[in-house]
Structure formats: C-alpha cells, structure tokens
Amino acid sequence: MSSSWSMKLTKTFRYDGPLRPFRLLKQDRKNLSKRYVSDWKVFNQLIFASAVYVLFTNLLPGITFANDLYALTGKNWGTIEVVFSTGLCGIIFSICAIQPLNILGVTGPFSILAENMFSLCDTSFNIPFLPFMAWSLIHAAWMHYFLAIFNAHDWTMRYVTTFSTEIFSLLNSIIYFHKAIQELERAHANLSFAAFLYSIIGAIGTCFLAVFLASAEKWKPYFHRYLRMGLSEYAAAISIVIFIALPHIGELKDLDKDTLPISASFHPTNPERSVFFVRFWELPVSWIFVAIIPGAIITSLFFFDHEVSSIICTTQRYGTRKPGGFAWDIALLGTTTALCGILGIPPANGLLPQAPLHSESLMHDEKENISLSDLAGAERNETRVSRRVYEQRWSHFLHAAGILCFMSPPFMHVLGLTPTSVLAGLFLFMGEQSLSVNPILYRTFYLLTPPSELPKIPQTISSYIPIHIYTIVQIVVTVVIFIVTLTKAGPAFPIIIIALVPIRLKVMNRMWGREVLRYVDAWACREGTPEDDEDTRNGVDVDGVNRVGVGGKDEEVGGQWIGDGIMLRRLSDTRDKI
C-alpha cells in the first residue's frame with residue numbers, strides 16, 4: 001500500500017508530471033520568447049481600427065459597473081478607479097502577457113462580490129473596506145502564483161469542453177442585453193417621458209447603425225473597397241460618435257439627458273483619500289487572516305474567467321498559430337491583482353465578450369501557399385485563402401493606453417457628454433456580436449427548421465432529436481445561471497460552470513450517445529473530444545485515421561489531414577489582405 005502510494009506520488013511530481021513545479025511556467029517562458037518580437041512587427045489600419053473598437057467596448061461598459069460601485073461601496077470606487085485599473089492592467093498585459101488577444105477589465109461578477117464585501121465591512125465587521133479588500137487581493141495574488149507554479153491549467157481546464165465555454169459565452173451575451181435594459185430602466189426613472197422615448201431610439205439606433213455598418217464589406221459593388229473596409233472596421237465608433245452628438249443638435253438639445261457621472265480631477269473618488277495608495281498594513285492581524293476567504297473566492301472567479309476568455313478568443317475559428325500559455329498569464333494576473341489592491345482600485349481580469357470581440361475585429365483574409373500530397377505520394381502546390389486574426393500586441397496596447405488617457409480631466413469631461421442611452425446601445429451591439437458567433441445560436445435555429453431542410457448529419461446519428469435536446473439543456477442551464485447572478489449568490493456562478501465539467505464527462509455520456517456528443521462537443525483547450533480520448537485508451541482507431549500529431553495548430557514541420565487522404569502543409573504566408 002505504501003509502495004503504491006509512493007509510486008503515484010513520484011509519478012505526479014516527475015519531470016512531466018501534472019504537479020511538477022514550474023513545468024508550465026518554463027514552457028510558457030520559452031513560448032513567449034518565440035513570439036514576442038514578431039508580435040510587435042505587425043501593424044496596419046485594421047489593427048488600429050480594432051484598438052479603437054475595443055477602447056469603446058471596454059471603457060464604456062466598465063464605467064457602467066463604476067456607477068454601481070460608486071453607489072454600493074460608499075464612494076470608495078468610482079469612474080476614475082475603474083478607468084485607472086482597466087488602462088494600467090491592459091498595458092501591463094499587452095507588454096508582458098503571453099496571449100495579447102485577451103482583454104482585461106473590471107467585470108460584473110467581481111463588482112457584485114465587492115459590493116457584498118463592502119456591506120459586510122460596513123455593517124457587520126466594522127472595519128475599513130479598502131484595507132480589507134487590499135489584503136483579499138494580496139492573498140488572491142499568492143494563490144494565483146500557487147496555481148501557476150503547480151500547473152493548474154493542466155489538471156483543471158484541460159477537462160473543459162465547449163459545452164461549458166459555449167454556456168459561459170451565452171451567459172455573457174445575456175448579461176449585456178440585461179445591462180442594456182437596466183440602463184433604459186434608469187433613464188425611465190430619471191428622465192421625462194419624452195426624453196425616455198428618445199433614449200430608446202438612441203439605444204436601438206446605436207446598435208442598429210453599428211450592425212449595419214459592420215456589414216459594409218458585403219456592400220460590393222457599391223463604394224470603394226477602402227471605404228467599405230473603413231466603415232466596417234470603425235462601425236461601433238462611428239455609431240457611438242453620431243448618437244453622442246445627436247442629442248446636442250436642434251430641438252433635441254432641450255431634452256433632459258442622463259449622462260455618465262465623472263470625476264473633475266485626478267484624485268480618488270472618495271474625498272477622504274488624497275492618493276491612490278492603501279495603508280493596508282494597518283488592518284488588525286486577525287482580519288488579515290479572515291481576508292484569505294474572499295481571496296480564495298476572487299482567485300476561483302478570476303482563474304476561470306481569465307482562462308475561459310483566453311480559450312474563447314483563440315478558438316480554431318480565429319486560426320491562431322503562435323504558441324500560447326496559461327500559467328504565465330495567471331501568474332501575471334496575480335501580480336496585477338495585488339497591485340490593484342495596494343493602489344486601492346478594483347482589479348481587472350479577462351473579459352467576456354470583449355476578448356472574442358477583439359479577435360473578431362482582427363479577422364482578415366490571408367493567402368497561403370500550401371503543398372497537397374495524396375496517398376500515392378504525388379504533390380501539387382496550391383494557393384488558398386483562409387480567415388485568421390492578426391496575432392500582435394499593438395491593438396491591446398493602444399486601446400489600454402487610450403483608456404488610461406481618460407483619467408485626465410479633459411478626456412474625463414468628454415466621457416461626461418455620453419448619454420447612457422448610447423451605452424445601452426453599445427451593450428446591445430456587443431451582445432449581438434458575441435451571440436452571432438456562438439454555436440448555440442445556430443443550433444437554436446435548427447430547432448425552428450423543418451427536418452427536411454436541416455443539414456446532413458453523420459450516419460452514426462439517427463436523428464436531430466438528441467442534438468436538439470442537447471441545445472435545449474444548454475439554454476436552460478444558461479438561464480438558471482443568469483438567474484443566480486441576479487441574487488446575492490451571484491459571485492458563486494463560476495462554481496456552477498465549473499461543476500458542469502464533471503457533469504459533462506461523467507453524467508451526460510449516460511444520457512446522450514457517444515457519436516452525438518462527439519458531433520456537438522469537443523475539448524476547449526486541445527484537439528479532439530472526450531470520446532476520442534476514450535477510444536484512444538481502448539486502442540480504437542477513430543474513423544480509421546491516425547490522429548497522433550495532427551492538430552489545428554501546426555508545428556513548423558508536419559501538417560493537417562483535410563480529408564480524402566490529403567495532407568496539407570503550409571509553405572509560406574503571404575499575409576496579403578484581400
């Protein structure tokens with residue numbers, strides 16, 4: 001018994017074992033050096049447009065959370081703290097992170113947690129909020145380091161499938177639609193009826209105009225190609241500027257307006273604070289240890305949020321090829337979390353849906369020269385066009401630097417001109433953009449499609465009924481989680497999503513056939529499906545194809561099977577924009 005336990009322990013901590021300290025960190029450091037220089041060599045008009053787009057989609061929603069924090073944290077946090085955190089953490093990650101496509105910001109779930117913590121500090125604990133929060137974030141930092149050092153990604157996220165990530169993405173889309181409704185509800189409470197009606201027009205107009213302009217590249221043959229590209233790439237920015245200006249023109253300027261509250265100078269929101277620094281060491285020792293509990297909750301929330309947002313913004317759809325890494329970014333996230341606690345500002349972490357929206361805005365057509373070889377060994381060269389993102393750091397850096405500029409009084413004054421109806425419209429647009437690329441949406445359309453019009457499915461699946469049931473289950477689970485976020489148990493919603501992982505692996509395979517699950521689900525962080533892994537363990541050759549060494553992200557040598565016994569090898573990338 002002792003010998004068996006010792007062997008398992010040795011296997012766990014061996015060189016390639018799951019708990020070998022620093023294993024993933026060392027791998028990520030090497031991957032960072034491989035891609036870092038090339039990440040700064042790519043810059044063009046599309047990348048700049050992406051930076052402008054993400055600036056709007058990150059800054060304005062964050063300020064909405066700032067409104068809630070201002071009211072529910074005793075004015076300890078407001079607009080300037082959220083802007084400071086978003087810009088500072090964004091710049092640090094754009095320079096130091098291994099995955100620059102991920103976008104950081106202050107999230108709704110953390111805002112709910114912070115509001116509950118303030119209530120406890122103010123009414124039950126009778127201790128100052130900011131020092132207690134600072135220690136919670138410092139504890140969260142060393143917990144992040146612990147997860148990174150002991151390769152938490154491998155023994156947690158490697159078991160996550162798209163079943164969970166699709167639900168998480170859908171949840172965030174619903175949250176943004178809900179935020180839009182909340183903004184309009186506030187307008188209804190604060191404005192005259194005529195001004196409220198215009199708020200509805202402004203919200204819907206902002207969204208519809210952005211959606212319309214985003215499709216400009218499909219307007220061919222109308223207008224010049226570069227004009228269509230510009231309208232498409234700056235769709236959200238153009239729409240926002242227009243609907244910010246409209247209420248100040250003609251008779252509309254006489255309507256009362258509900259605009260964003262702002263800070264008049266570069267000082268903390270709380271008038272009792274003079275600098276962005278917390279004297280955290282003055283908290284009694286007993287409360288320092290109590291802060292470990294919220295620190296653990298923050299760690300679990302940030303770990304799952306950040307990892308899932310990194311996964312979703314680098315899915316196969318975006319054609320990412322440069323090496324990534326999770327342990328390095330989690331350790332970096334721990335550092336920025338502690339820094340925010342010491343500065344007395346809310347911490348930022350990976351955002352949904354901003355991260356995949358960032359990737360969407362960087363999508364472009366790219367020509368590739370490829371070599372095709374059949375089973376007989378005959379080879380031929382061919383040029384193909386593929387869709388992929390620009391993997392670079394400029395869009396992340398520029399948007400974060402732009403957000404940081406809004407800490408200055410002149411730019412803060414510009415924010416103060418923004419009607420909340422425009423913010424509601426931006427929420428609607430972001431929700432629509434995120435939802436439009438979620439597979440759940442398309443499988444929901446299948447529920448409304450006559451069987452004779454549905455796409456063909458593999459012969460191993462008898463009908464669409466189990467696929468429809470799978471989709472309905474995802475929708476129901478998402479709605480249940482959304483309802484939880486509206487209660488005081490809201491900060492615990494990541495625990496529910498994490499619980500979906502073992503449910504998918506241990507329970508759902510008893511409710512759905514293996515081929516159905518293989519068709520609708522897959523590993524989120526690696527190639528294949530749980531059913532493929534099970535077949536491999538049992539020595540089954542799936543579909544008669546040896547999948548060893550074949551993946552969506554090709555190495556410099558090797559390739560990818562694309563069907564009919566043809567191996568594809570990339571020879572070079574011309575990186576030409578079509």
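Atom set for the values below is all heavy atoms of this structure, side chains included, hydrogens, waters and symmetry mates excluded.
Summarising the geometry, atom CG belonging to L130 is positioned 13.0 Å from atom CD1 belonging to I342; distances are rounded to the nearest 0.5 Å. To the nearest 0.5 Å, atom NZ of residue K179 and atom CD of residue E185 are 11.0 Å apart. If you take CG on L246 and CG on L252, they are separated by 7.0 Å, rounding to the nearest 0.5 Å. Note that the OH atom of Y36 and the NZ atom of K322 stand 12.0 Å from one another [nearest 0.5 Å].
Within the 3.5 Å criterion, the main-chain N or O of L46 finds no donor-acceptor partner in the side chain of S50. A side-chain donor-acceptor contact under 3.5 Å links N438 to the backbone of E166. The backbone N or O of V54 lies less than 3.5 Å from a partner atom in the side chain of T57, making a donor-acceptor pair. Side-chain atoms of N76 come within 3.5 Å of backbone N or O of T73 as a donor-acceptor pair. Side-chain atoms of R35 do not come within 3.5 Å of backbone N or O of Q99 as any donor-acceptor pair. Side chain of T336 to backbone of L333: a donor-acceptor contact under 3.5 angstrom is found. Between the side chain of N190 and the backbone N or O of R186, at least one donor-acceptor pair lies under 3.5 Å. Although no hydrogens or angles enter the test, the distance criterion places a donor-acceptor pair under 3.5 Å between the side chain of T86 and the main chain of V82. Side-chain atoms of T156 come within 3.5 Å of backbone atoms of A152 as a donor-acceptor pair (strictly under, hydrogens ignored). The main-chain N or O of A97 is found under 3.5 Å from a side-chain atom of R393 such that the two form a donor-acceptor pair.
Using a 4.5 Å cut-off on side-chain heavy atoms (C-beta onward), F132 and M117 make contact. Side-chain atoms of I174 and T478, non-hydrogen and from C-beta on, do get closer than 4.5 Å to each other. Side-chain contact between H306 and L104: present, with at least one pair of heavy atoms (C-beta onward) separated by less than 4.5 Å. Contact of the T269 side chain with the T79 side chain is not registered, since no non-hydrogen atoms from C-beta on lie closer than 4.5 Å. The side-chain heavy atoms of P419 and P247, taken from C-beta on, include a pair separated by under 4.5 Å. Between C340 and P346 there is no side-chain heavy-atom pair separated by less than 4.5 Å. Side-chain contact between I91 and L404 is present, with at least one heavy-atom pair separated by less than 4.5 Å. For the pair S199/T420, no side-chain contact is recorded, criterion being any heavy-atom separation below 4.5 Å from C-beta on.
A ring-centre distance under 6.0 Å is found for H178 and F482. The six-membered or imidazole ring of F302 lies near that of F110, with a centre-to-centre distance under 6.0 Å. F208 has its ring centre no less than 6.0 Å from the ring centre of F212. Not less than 6.0 angstrom separates the ring centroid of H153 from the ring centroid of F303. Remark: aromatic rings of W135 and W287 are distant, center separation not under 6.0 Å. Ring to ring, W77 and F129 are close: their centroids are under 6.0 angstrom apart. Aromatic pair F304/F168: centroids less than 6.0 angstrom apart. Taking the centre of each ring, F177 and F427 stay at or above the 6.0 Å mark.
Summarising the local packing, CZ of F125 is surrounded by more than 12 heavy atoms from other residues, nucleotides or ligands at distances under 6.0 Å. Surrounding CZ of F43 are more than 12 heavy atoms belonging to other residues, nucleotides or ligands, all under 6.0 Å away. Within a 6.0 Å sphere centred on CD of E272, other residues, nucleotides and ligands contribute 12 heavy atoms or fewer. Annotation: H248, atom NE2; neighbour count of heavy atoms from other residues, nucleotides and ligands within 6.0 Å is above 12.
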Using the rule given for side-chain hydrogen bond (donor to acceptor under 3.5 Å, both in side chains), can you reason through Y390 versus N44, listing the C-alpha separation, both sets of side-chain angles and the distance that settles it, and then say yes or no? CA-CA 10 Å; Y390 283 116; N44 55 36; 3.3 Å; yes
Mind running side-chain contact (heavy atoms from CB on, under 4.5 Å) on R29 and W328 for me, showing each step along the way? CA-CA 7 Å; R29 180 180 59 80; W328 180 280; 3.8 Å; yes
Test log, rule side-chain hydrogen bond (donor to acceptor under 3.5 Å, both in side chains), inputs S395 and H358: CA-CA 9 Å; S395 57; H358 181 216; 2.7 Å; yes
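In this model, a donor atom of one side chain and an acceptor atom of the other lie less than 3.5 Å apart for T335 and Y145. Donor-acceptor pairing under 3.5 Å is lacking for the side chains of E391 and Y318.
A tilted orientation is assigned to the rings of F193 and F196, their planes being inclined by 30° to 60°. Ring pair H399/H396 is tilted by interplanar angle, where 30° to 60° counts as tilted.
The stretch residues 80-103 participates, sequence neighbours left out, in no salt bridge (charged side-chain N to carboxylate O under 4.0 Å, His left out) pair at all. Sorted by first then second residue, the side chain to side chain donor-acceptor pair (under 3.5 Å) pairs that include residues 421-436, not counting sequence neighbours, are S173-S434.
With sequence neighbours excluded, no residue forms a side-chain contact (heavy atoms from CB on, under 4.5 Å) with I293.
Here the shortest heavy-atom pairing between I80 and F276 reads CG2-CZ, 4.2 Å.
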